[in-house]
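Working notes for the structure below.
When a ligand or atom number is given, it counts from 1 through the structure's own listing order. Being a predicted model, the structure only gives us computed values, none of them experimental.
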Amino acid sequence: MKARTRFAPSPTGYMHIGNLRTALYEYLIAKASGGDFILRIEDTDQKRYVEGATDIIYNTLKTVGMNWDEGPDIGGNYGPYIQSERLPLYQEYAHKLVELGGAHYCFCSKSEADEQKDEEMNIKFKDPCLHLSLEEAKKRVAAGEPYVVRQTINKKGKATFNDVVYGDIEIDYDELDEGVLLKSDGFPTYNFANVIDDHLMHITHVVRGNEYISSTPKYNLIYEAFGWTPPIYVHVAQVMKDAQHKLSKRNGDASFQDLVAKGYLPEAILNYIALLGWNPGTEQEIFSLKELEQTFDEKRLNKSPAIFDITKLKWMNGCYIRALPFEEFHKLADKEYDTFLTREVNRKELSKVLQPRIETLKDIATIAAFIETLPAYSDELFINKKMKTDAEIAKKSIALAIPALEGLNEWTNESIFECLKAVAVENGLKNGQVLYPVRIALTGLETTPGGASEIAAVLGKQETLTRLKQAA
Ligand code: GLU
């Protein structure tokens, strides 16, 4: 069967990592079957509307390469794909549902309903309007009295349904709330709109967070009242910050945008979140989106919550950085250089040195800070047993290196390296006795990305000589 799945985000102005993961699983279920991935904007909660939020949704999906087959911007056979443009549809179906006995008109004011709920400590709202005859209720509607359409749940016993991840689920009908489906302003609630849209858009698989499991029997009652077949349900476990806390915006946790701003590559984030709740059944950890499309199987989704492990993401990001074609890495690195480098240096050489050594793009500014400003260092740094150097040998080597480098015409890693080696040989020194002190003098650091000649090539001849003269 060709699957039709949908990503149905609310435009909150923020792409939560858990939501992006849901979108990815939806996308993969569709693509693994050669089916369609649909984008639907759920903006019926007007209180939550955030300017520019749909662009964040579009941009995020495009950035990670999850292109949709139908959606607000490209249309499709089942539009509109923005819920606020579908109000007449919800209204039509809400009235139909009342006729079918799946819902009723309720004339209680919001405060009456809220009060009863509060008083009864959130025990189910017992709607006095349930007892009105349909005829009487319709008369009041026709007379212009404000009303909501409220779901009617008159079943006893247990609702059962199957979920791909959690298996057979049973919930007492008694636990279900007769919630509002259509508000007095004519807007649907999520609980109603999701069913109408999923049916009208021919959605085959509904993938969403497991917090929706407890409401699923309510949705099934609506499908049943209309005589429609419910979709296949795929409820996914939460993404957790740790064993107790959900990853949430309220806790200041990362969104996709935050992670990109922290120097993570979109492809690495996508790869990481694919594995956050899904197990390929092999040892493979690095997957491109195309590979995921070929490998994904929703039966391998995990029931247990996934803990967002930033260390693992960092490691994976490092793998992606190293795998980038050099020119692509250099382009990304160049933008980082602009944030802290005012000095004219050989940026390409710097990129060569950094690419194998960083895990996030933001590491660049820290690791390469010495290129911009030589940190203060003590002569003790020249003491190194393994390299057989101390401050005295260092000063001597540096003094010998200066004229040799001054005479060098071609300024490349290789030519500098050969020149420094020659200085060692000609003066009866070991290579390390020249290379080590030169590296310290150029960086002021014990550990550096790259060796003496690589760093000299980055710094350029003039700055190299200035730093060496400062140390001599
Ligand atoms: N708008 C809902 C959300 O963002 C969608 C849930 C669903 O996929 O049905 O949580």
Atom indices of ligand 1, in the order listed, that fall short of 4.0 Å to a heavy atom of Ser10: 1 (N), 4 (O)

Which of the ligand 1 atoms, numbered from 1, are nearer than 4.0 Å to a heavy atom of Tyr190: 2 (C), 5 (C), 6 (C), 7 (C), 9 (O)

Candidates Trp278, Tyr264, Phe308 - the one meeting ring-ring contact (aromatic ring centres under 6.0 Å, His included) with Tyr272: Phe308

Neighbour count above 12 (heavy atom, 6.0 Å) for Glu211 CD: yes

Tyr219 side chain near Val206 side chain, heavy-atom distance below 4.5 Å: no

Ligand 1 N/O within reach of Ala8 N/O, cut-off under 3.5 Å: yes

Contact check: Arg208 vs ligand 1, nitrogen or oxygen atoms, below 3.5 angstrom: yes

Smallest separation among heavy atoms of Ser184 and Val148, with atom names: N-CG1, 3.6 Å

